[in-house]
Amino acid sequence: MKKHLQHHGKVRLVTVMITILGLSFAIMNSGYSQMTVVGGTTVKVNNATSLSSTESLVMSSGGTLNVQGTLILKKNLVNQNPSPNSLGSGTVVLSGSTNQTVSGQNIIQNLTVNNAAGVSVAGNTQVNGNLTLTNGLVNLGAYNLQLGPDASVSGSPSASNMVVATGTGEMRKEFTGPGSFIFPVGAADAPPEYSPVTITYSSGTFGTGNYTGVNLVDEQYPGTAESYLTTYWTVSQSGVTDFSAAATFWYNTADVVGAEEDIFCTRVLPGDWITYNAANTADHRISASGLSTF
């Protein structure tokens, strides 16, 4: 199998056979700042094999990755293709020791985040299989992280291991029908705060490519007074019609101002404010049911 890799303007033709099960092929990139897949070429990682890059991996426009096994990246993933493209049916692991960036429009089957320094999303990213949150914060900023209809989240989400959705970007999930999903979101404050959201659809019509999205703001909502939270959430949806849903929002006790028992779940937009259930002070959560719009 031939791969065209470009380093600092130099083109190298690397011929690597990775057909033996369990074989690991590591590109050390000594003396170079990145590995580039040039246009018109494909780097394929065969099933049951792994490719590890200690430097940034760049896909030039027209260059592609076909990960059937495991791609382990210690630095950035840069996709310069103008349209979203699949990186294969395997697993991409982000396990560097400094903050890593995933840029461009990437469709990834399985994504594992294991970087205590965190990962920054710099382009709309879709995960269709398993998102494994092992360690580190995934900062969305202005971009969306979309989970496909069969996608799931594994790991142990927490304040040190979650999706930071405090910008304009959303964590999104496509639903195939009635069901429930936990959005492992929070804010990267000092200290970080884990404030997940559960959305449960009991009925509805779910169009192809639909999504339900969540982000949050780590501030008091304007107009609240006396007893309130210093966090509020936005839930959006597209492609889901005639639905009935429930939403549950977990908060941190540090976000409580005033009397916790006097805090209620309130929808402030669209239209007039609608108040639902009082806070569950034992579990530190607020909830609303019978929702037909977000």
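The chain is numbered in sequence order, starting from 1.
Considering only heavy atoms from C-beta on, Val153 comes within 4.5 Å of Met171 through its side chain. Side-chain contact between Val92 and Asn110 is absent, with no heavy-atom pair separated by less than 4.5 Å. Taking the side chain as every heavy atom from C-beta outward, Leu216 and Thr234 never approach each other to under 4.5 Å. Trp250 places none of its side-chain heavy atoms less than 4.5 Å from the side chain of Ser195. At least one side-chain heavy atom of Val43 sits less than 4.5 Å from a side-chain heavy atom of Leu51. Between Gln80 and Val58, the closest side-chain pair of non-hydrogen atoms falls below 4.5 Å. In this structure the side chain of Ile199 never reaches within 4.5 angstrom of the side chain of Phe181, judged on heavy atoms. When side chains are defined from C-beta on, Thr293 does not count as touching Leu291, because their heavy atoms never get closer than 4.5 Å.
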Working note: Phe175 + Tyr201, criterion ring pair (Phe, Tyr, Trp, His ring centres under 6.0 Å); need CA distance, chi angles, decisive distance, verdict. CA-CA 9 Å; Phe175 284 78; Tyr201 286 101; 4.9 Å; yes
Evaluate the side chain to side chain donor-acceptor pair (under 3.5 Å) criterion for residues Ser120 and Gln100: first the C-alpha distance (whole Å), next the side-chain angles of each, then the deciding distance (0.1 Å), finally the verdict. CA-CA 6 Å; Ser120 297; Gln100 292 174 267; over 6 Å; no
For the pair Ser180 and Thr198, evaluate side-chain contact (heavy atoms from CB on, under 4.5 Å) and give the outcome as yes or no after the intermediate values. CA-CA 7 Å; Ser180 182; Thr198 298; 3.3 Å; yes
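Only one option out of Thr112, Val113, Asn115, Val93 pairs with Thr134 in a side-chain contact (heavy atoms from CB on, under 4.5 Å); it is Thr112.
Among all heavy-atom pairs drawn from Ser60 and Thr36, the shortest one is OG-CG2, 3.3 Å. In this structure, Asn161 and Leu137 approach most closely via the heavy-atom pair N-CD2, 3.9 Å. The shortest heavy-atom contact between Gln105 and Asn79 is O-ND2, 3.5 Å. Pairing each heavy atom of Asn81 with each of Gly63, the nearest pair is ND2-O, 2.9 Å. In plain terms, the two heavy atoms of Asn99 and Thr101 that are nearest each other are OD1-OG1, 4.2 Å. Closest of all the heavy-atom pairs between Asn135 and Ser160 is OD1-O, 3.9 Å.
A distance of 10.0 Å separates OG1 of Thr49 from CG of Leu71, quoted to the nearest 0.5 Å. Taking NZ of Lys74 as the start and OG1 of Thr98 as the end, the distance is 11.0 Å to the nearest 0.5 Å. Put simply, CG on Asn277 and CD1 on Ile286 are 9.5 Å apart, with the number rounded to the nearest 0.5 Å. Put simply, OG on Ser287 and OH on Tyr276 are 11.0 Å apart, with the number rounded to the nearest 0.5 Å. Here Lys173 contributes atom NZ and Asn210 contributes atom CG; the two are 8.5 Å apart, rounded to the nearest 0.5 Å.
Among residues two or more places apart in sequence or in another chain, the salt bridge (Lys or Arg N to Asp or Glu O under 4.0 Å) test is passed with Arg285 by Asp283.
Under a hydrophobic-cluster definition in which Ile, Leu, Val, Met, Phe, Trp and Tyr are linked whenever side-chain heavy atoms come within less than 4.5 Å, directly or via other members, Val235 and Phe183 are assigned to the same cluster. Cluster membership for Val185 and Val217, using ILVMFWY side-chain heavy atoms within less than 4.5 angstrom, is not shared.
One N or O on the side chain of Ser86 and one on the backbone of Gly88 form a donor-acceptor pair closer than 3.5 Å. Side chain of Glu261 to backbone of Thr281: no donor-acceptor contact under 3.5 angstrom is found. Thr241 places no side-chain N or O within donor-acceptor distance of the main-chain N or O of Gly239, the cut-off being under 3.5 Å. At distances below 3.5 Å, at least one donor-acceptor pair connects side-chain atoms of Glu174 with backbone N or O atoms of Gly209.
Side-chain atoms of Thr42 and Asn66 form no donor-acceptor pair, as typed in the model, at a separation below 3.5 Å. No side-chain donor-acceptor contact under 3.5 Å links Gln126 and Asn124. Ser154 and Thr132 share a side-chain donor-acceptor pair at under 3.5 Å.
With a 6.0 Å radius and a threshold of 12 heavy atoms from other residues, nucleotides or ligands, Ile107 has its CD1 atom above the threshold.
In this pair, Phe249 and Trp233 present their aromatic rings tilted. The plane angle is within the 30 to 60° band.
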Show me the side-chain donor-acceptor pairs of residues 138-152 shorter than 3.5 Å, one per line, residues at least two apart or across chains.
| unit_1 | atom_1 | unit_2 | atom_2 | d |
| --- | --- | --- | --- | --- |
| Asn144 | OD1 | Glu170 | N | 2.8 |
| Ser152 | OG | Asn130 | OD1 | 3.1 |

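Aromatic pair Tyr251/Tyr232: centroids not less than 6.0 angstrom apart.
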